[in-house]
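To keep things clear, I will list the structure first and then write my remarks on it.
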Amino acid sequence: MGAIDSTIYIAGFDDALLGKARQGGNIELVAYSYNRMIELVSLRESVGYDEACDIVDLEVIDTFDGAGSPVIVYDDDHHQEENDGDKNR
């Protein structure tokens, strides 16, 4: 059985595209670099790192849900540190 192409691309983030990933053996998704998305937003919007993170998290990543949604690859510990704080509550 071939892969099902239900990929959803994020407009304006071609330079952050890492490639395709496969979910469940037959569903292809696109994968983006979180750090590169932050860099792109920071340059486009002339904002600092923290504000760029907020924009990417709230206005880009949080708008995707469900089948075919892009995969976001976190290149460093930034997001992991945030999530670790949630475990201590």
Side-chain angles (χ1 to χ4, degrees):
M1 175 180 264
I4 299 168
D5 188 4
S6 60
T7 54
I8 298 173
Y9 291 86
I10 304 174
F13 288 95
D14 291 350
D15 288 340
L17 183 63
L18 296 173
K20 287 196 174 185
R22 201 168 268 203
Q23 178 185 35
N26 66 345
I27 298 174
E28 288 189 353
L29 307 170
V30 290
Y32 290 88
S33 164
Y34 181 76
N35 282 0
R36 186 66 184 129
M37 292 174 76
I38 298 302
E39 291 171 8
L40 292 169
V41 167
S42 183
L43 291 170
R44 270 197 303 246
E45 305 293 328
S46 298
V47 297
Y49 179 81
D50 289 337
E51 189 171 349
C53 287
D54 288 344
I55 291 169
V56 169
D57 289 342
L58 301 173
E59 296 179 23
V60 180
I61 295 173
D62 286 353
T63 63
F64 292 96
D65 187 23
S69 293
V71 173
I72 307 301
V73 178
Y74 297 97
D75 307 317
D76 62 17
D77 294 333
H78 167 78
H79 225 68
Q80 185 61 41
E81 290 172 7
E82 285 183 1
N83 291 334
D84 287 346
D86 291 342
K87 292 178 187 173
N88 296 326
R89 289 185 190 169

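Only this structure's heavy atoms are used, side chains among them; waters, hydrogens and symmetry mates stay out. This is a predicted model, so every value here is computed, not measured.
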With sequence neighbours left out, write down each residue that passes side chain to side chain contact (heavy atoms under 4.5 Å, CB included) with R36, or none if nothing qualifies.
-> D15, A16, S33, E39, L40
Of all heavy-atom pairs linking V47 and V41, the shortest is CG2-O, 4.2 Å
What residues form a side chain to side chain donor-acceptor pair (under 3.5 Å) with E45, not counting sequence neighbours?
-> none
Residues which pass side chain to side chain donor-acceptor pair (under 3.5 Å) with S42, listed by chain and number, not counting sequence neighbours | none
If you look only at pairs with a residue in residues 58-68, which of them pass as a side-chain hydrogen bond (donor to acceptor under 3.5 Å, both in side chains), with sequence neighbours excluded?
-> none
Inter-residue atom distance [X].[atom1] - [Y].[atom2], 0.5 Å rounding:
X   : Y   : atom1 : atom2 : answer
Y9  : F64 : OH    : CZ    : 12.5 Å
Y74 : I38 : OH    : CD1   : 9.0 Å
I55 : M37 : CD1   : CE    : 11.5 Å
I10 : L17 : CD1   : CG    : 9.0 Å

